[in-house]
Amino acid sequence: MLKIDDIRDLIRLLDESSLTELRIETEDMKLCLKKALTAPVTPPAAAAAAVAPPPAAAASFLPSPEAAAAPAADPAPPAGPAGPAPVQEANIHTITSPMVGTFYRAPSPDAPPYVDVGSRVTEKTVVCIVEAMKLMNEIEAECRGEIIEVLAENGQLVEYGQPLFRVRLG
Amino acid sequence: MLKIDDIRDLIRLLDESSLTELRIETEDMKLCLKKALTAPVTPPAAAAAAVAPPPAAAASFLPSPEAAAAPAADPAPPAGPAGPAPVQEANIHTITSPMVGTFYRAPSPDAPPYVDVGSRVTEKTVVCIVEAMKLMNEIEAECRGEIIEVLAENGQLVEYGQPLFRVRLG
Amino acid sequence: MFNRILVANRGEIAVRIIRACRELGIETVAVYSEADRDALHVQLADEAYCIGPTPSKQSYLHIPSIITVAALTGVDAIHPGYGFLAENSDFADVCEACGITFIGPSPRAIETMGDKSAARAAMRRAGVPTVPGSDGLVADANEAERIAEEIGYPVLIKATAGGGGKGIRVVHDRASLRQAFATAQHEAETAFGNPGVYIEKYIERMRHVEIQILADRHGNVIHLGERDCSVQRRLQKLVEEAPCPVLSEETRRRMGEAAVAAARAVDYVGAGTVEFIYSLDGSFYFMEMNTRIQVEHPVTEWVTGVDLVREQILAAAGYPLSIRQEDVVLRGHAIECRINAEDPDRNFMPCPGQITEYLPPGGIGVRVDSAAYPGYVVPPYYDSMIAKLIVWAPDRQQAIQRMLRALGEFRIEGVKTTIPFHMKLMQNERFQRGEVTTRFLEEHPL
Amino acid sequence: MFNRILVANRGEIAVRIIRACRELGIETVAVYSEADRDALHVQLADEAYCIGPTPSKQSYLHIPSIITVAALTGVDAIHPGYGFLAENSDFADVCEACGITFIGPSPRAIETMGDKSAARAAMRRAGVPTVPGSDGLVADANEAERIAEEIGYPVLIKATAGGGGKGIRVVHDRASLRQAFATAQHEAETAFGNPGVYIEKYIERMRHVEIQILADRHGNVIHLGERDCSVQRRLQKLVEEAPCPVLSEETRRRMGEAAVAAARAVDYVGAGTVEFIYSLDGSFYFMEMNTRIQVEHPVTEWVTGVDLVREQILAAAGYPLSIRQEDVVLRGHAIECRINAEDPDRNFMPCPGQITEYLPPGGIGVRVDSAAYPGYVVPPYYDSMIAKLIVWAPDRQQAIQRMLRALGEFRIEGVKTTIPFHMKLMQNERFQRGEVTTRFLEEHPL
């Protein structure tokens with residue numbers, strides 16, 4: 001009869017091999033090990049989830065007749081929806097948009113931007129404006145640190161939750 | 001018999017590996033460990049495959065209205081379809097039915113069975129009859145050894161490929 | 001014609017609208033809450049924007065966000081679906097003010113029909129039969145008592161701002177009227193922010209029969225026959241069918257004409273539904289008008305061959321209706337079952353979760369409207385409907401057999417559904433004979 | 001009525017038959033080959049039996065095994081579907097001899113229509129127009145030459161035992177006739193075990209138009225309008241529609257009457273199809289009769305509202321047809337696309353394999369007949385059809401838009417399919433204008 005160490009070995013062997021299943025039957029014992037089909041099968045959930053991350057991919061789960069017919073003729077779609085916020089690195093904070101609207105980096109077209117890469121911010125520093133329904137919503141940093149990346153473009157439609165700035169805390 | 005610590009080890013092993021399933025059956029114990037596929041989704045492939053193995057489960061993928069309505073009133077369904085032949089143990093041969101038909105263990109109702117558990121068979125030994133289209137087809141052992149199990153019942157409908165006898169070779 | 005429409009909804013109705021748009025060559029813009037990132041309507045639309053967090057109030061009901069997306073994506077029109085903002089006249093107003101077509105009737109029509117007591121009054125003026133009751137709002141318990149005596153018990157006290165079965169109390173005798181009246185007013189105030197209530201005679205044995213109407217901007221108003229939605233649980237519809245199994249041709253005609261009169265009374269445009277109480281003696285009374293597309297619209301689509309969402313969009317764009325009243329011919333029988341993620345064995349407790357396996361039924365006479373797919377997670381935040389299963393057959397008996405067949409084929413694993421309930425219902429002899437009132441499930445639990 | 005039917009087929013048509021039986025309250029017995037253990041028809045039937053190994057000859061074409069299961073499970077009838085044993089008169093004979101109803105016409109009718117030259121002769125006697133050509137089999141090359149001169153080139157040399165586009169040669173001039181005749185005879189002998197050939201005028205620019213008929217055992221024969229199956233690739237149908245976009249009401253009537261006469265000539269019972277060559281000048285000629293249910297039957301079901309498989313089963317059980325000729329009314333337009341596991345970019349090379357993701361389209365006017373499901377493995381041993389996608393709309397243009405919408409929604413991953421081909425076809429202007437002959441794809445590759 002197989003011992004626990006034998007089984008451990010078998011698991012490791014199967015794991016490292018390209019095999020997907022192992023069955024042993026003896027007079028006094030049956031053992032069956034199975035492995036998920038590594039890559040070939042994308043489970044639907046993963047496929048669906050995979051839809052979100054890359055911007056503009058949200059409409060790609062099912063091809064639209066138009067898209068299939070004229071893949072290149074699409075008239076400049078606006079920025080795709082924001083994927084789920086990227087994994088937070090330690091010490092880095094991402095400022096996201098609290099509403100859907102137009103993103104403006106400055107209070108007026110000819111004014112300098114509120115912040116830029118390298119700017120120091122505190123909780124109350126206004127970092128941008130998101131315009132919704134003709135209302136200019138000043139967005140505050142809500143953290144203390146240094147802007148290390150601007151993630152949205154001036155005048156762009158930003159979604160709820162879309163990352164706008166990355167800030168190194170401190 | 002496995003101890004709780006062994007099982008704990010096995011769980012950890014399975015968890016850390018890319019395997020998804022582990023089954024152990026011994027005389028006095030059955031153990032089955034399963035893991036959800038990456039995302040907690042059952043990939044359709046695995047789900048569909050799971051339909052086949054247990055005999056009589058083939059018709060269960062979609063419930064029939066009748067079945068759901070009156071689960072007990074089903075008028076004696078004949079033996080379910082044969083599942084895939086069980087894994088061949090070393091030294092054991094399974095004689096399967098080469099056609100669909102009625103299984104008879106003896107040449108006539110009052111004659112003794114061709115073979116029984118313990119009977120010695122050679123390649124040409126007739127082990128049973130499968131009647132199809134009023135034709136009595138004598139089935140030969142096609143192996144040499146000792147009958148250790150009779151798997152079908154006299155007068156039963158047997159499918160193509162259905163296991164009829166188990167023979168210990170030698 | 002519209003080039004681009006924003007779909008201000010989620011779930012199967014958002015998918016339904018996207019399908020209609022695609023067939024019309026109209027681009028679609030979907031909006032979604034954070035919980036609906038992986039939703040089918042998001043995947044099917046040409047573009048999709050996250051407009052807010054999970055709670056509806058901050059997303060699907062949040063007018064500023066929706067209007068912002070509409071303006072920034074340059075849509076010509078917004079389709080509100082049903083629920084959410086579909087019967088919100090403020091929203092229709094805002095759309096109009098922003099130069100975006102609201103696919104639905106005028107804000108005034110929504111408002112009139114949304115105020116139940118104003119609607120009753122308008123219907124009476126239009127000559128549509130209404131249930132005996134108060135002329136408008138009832139000021140106090142004394143007046144309530146007087147009216148109840150006049151029309152006879154039992155009576156209903158209804159919140160004028162209610163709807164969809166909410167804000168209603170039954171009073172069986174004088175002894176309990178005063179207490180009930182006070183409670184009803186208080187509840188109406190709390191639930192709807194409007195304490196106004198009115199009184200109606202309570203018709204105990206009734207069928208819920210409703211007429212589908214279509215109207216364009218050129219004065220054409222037609223009706224497309226009725227739907228029977230009598231199978232209800234706590235005033236929520238579970239099964240709908242067309243035609244109603246007990247309506248005479250003559251009553252159908254009169255009810256249809258009443259519905260057209262109701263629509264004309266508010267200068268209706270688009271698709272709408274006039275709900276009637278159908279008493280078992282053959283008389284009928286106006287109940288309310290739903291100024292939007294309805295969940296159960298597919299059964300009408302199948303027996304008439306008319307695509308209601310398409311007509312609704314075309315009417316909003318100023319096109320005349322594609323059919324005239326005389327072209328409306330009912331053919332065969334259609335039934336819809338609402339497949340909800342609920343456990344019928346545990347008092348229809350909602351069962352959100354992941355659908356691990358999903359295979360809808362197919363073949364002849366079967367339609368499935370759904371936003372589900374294998375791996376989809378039914379979120380616990382919105383309604384529990386997973387799919388609408390609609391069947392058609394030449395007659396009702398065959399339609400019931402077909403529904404039973406399709407329900408048996410429908411494979412949904414991972415969450416409990418109402419499929420077993422519907423299978424029992426389809427095999428119930430009373431249901432098969434068409435002997436159903438709105439209290440059917442109460443009186444004959446399956 | 002039958003209590004229990006054996007379904008002697010696999011794939012979507014087996015599922016179709018099981019669905020019809022279930023709706024009629026008839027139990028079903030499925031049979032399957034070793035390769036089809038996990039097939040949907042096996043899962044859906046009330047019982048299922050493995051009857052042999054993978055090759056059709058040893059399973060789906062193996063009469064003794066099928067009859068054995070039928071006898072042992074006590075079925076009243078066998079439905080052969082299409083293909084396999086559906087047009088095998090020996091099988092129909094054996095069924096009869098065993099006291100089991102064969103759901104189809106008599107063995108004699110199958111035989112007559114299966115012998116193409118005998119069928120032509122029978123049709124001429126019945127007054128059904130046939131293509132100019134030989135009176136029966138052509139004995140030798142001299143006779144062939146004489147007939148070809150008479151009717152004019154180009155001509156077709158056809159194997160009397162052929163069918164479904166197999167065993168046909170085109171001869172364009174006298175120079176190549178003798179050689180072609182000899183080769184054709186040899187091929188016919190080799191392929192069908194019968195060297196008999198006959199000659200017909202080759203009509204180059206034609207549409208394939210066929211009439212659906214239904215007949216019962218009480219002498220009622222009706223037709224249910226036509227299907228246009230002109231979109232073909234190597235004589236294999238890819239897309240079918242009803243009605244034919246160019247047929248006049250008058251031609252429809254005459255063609256229908258000719259089809260009824262054809263059916264009456266062989267005392268037909270059940271569902272059958274009379275295929276015609278429709279020449280662009282408006283004339284039509286009998287091509288052949290298929291004595292079974294056809295792949296493309298759903299388009300007729302949708303425009304007529306008649307369940308053909310149900311009628312077929314009821315007729316076999318001795319019931320009269322449920323509709324009369326005057327009740328047959330065509331409504332709207334239906335199109336079917338055959339979704340095959342083939343790579344349209346690589347010359348329609350078959351692509352068997354596992355379907356890793358599967359989500360059929362839904363919503364208004366969409367029907368899917370399929371035996372696929374997520375995880376299903378399309379075996380390489382049988383035909384490559386995965387699904388039939390059928391749409392209905394009030395007119396042809398809307399039906400095309402709807403088909404495009406549904407094709408775009410249809411999600412099949414893991415195998416290549418003909419969906420991209422169908423999307424191109426639906427967007428082709430000639431197809432949209434209905435200007436299609438059987439050589440369309442040859443002359444205008446998509």
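What you see is a predicted model, and the numbers here were worked out from it, not measured in a lab. The sequence lines fix the lettering, A, B, ..., with proteins before strands; numbering per chain opens at 1. All values below come from the heavy atoms of this structure, side chains included, with hydrogens, waters and symmetry mates left out.
- When each of C/Gly363, C/Ala372, C/Ser322 is scored by its heavy-atom pairs under 4.5 Å with chain D, the top score falls to C/Gly363.
- Heavy atoms from other residues, nucleotides or ligands lying under 6.0 Å from CZ of D/Arg433 number more than 12.
- Using a cut-off of 4.0 Å between Lys/Arg side-chain N and Asp/Glu carboxylate O, D/Arg22 and C/Glu409 are scored as not salt-bridged.
- Here the straight-line distance linking atom CG of C/Leu44 with atom CZ of D/Arg405 works out to 9.5 Å at 0.5 Å rounding.
- The neighbour count for C/Glu326 CD, taken as heavy atoms of other residues, nucleotides or ligands under 6.0 Å away, is above 12.
- For a residue to count as touching a neighbouring chain, one of its non-hydrogen atoms must lie under 4.5 Å from one of that chain's; by this rule C/Ala387 does not touch chain D.
- Remark: D/Arg411 CZ to C/Gln43 CD distance equals 8.0 Å, nearest 0.5 Å.
- Across C/Met403, C/Arg367, C/Gln398, C/Lys388, the residue that shares the most heavy-atom pairs under 4.5 angstrom with chain D is C/Arg367.
- Counting heavy atoms from C-beta on, the side chains of C/Asp307 and D/Arg402 come closer than 4.5 Å.
- Counting only heavy atoms from C-beta outward, the side chains of D/Ile364 and C/Pro298 never approach each other to under 4.5 Å.
- Contact between C/Pro360 and D/Pro360 at its shortest, heavy atoms only, is CG-CG, 3.8 Å.
- Interface check for chain D: of the options C/Glu301, C/Arg331, C/Glu12, the most heavy-atom pairs under 4.5 Å are formed by C/Arg331.
- Within the 4.5 angstrom heavy-atom criterion, only side-chain atoms of C/Arg310, from C-beta onward, approach chain D.
- Residues D/Tyr358 and C/Pro374 come closest through the heavy atom pair O-CG, 4.2 Å.
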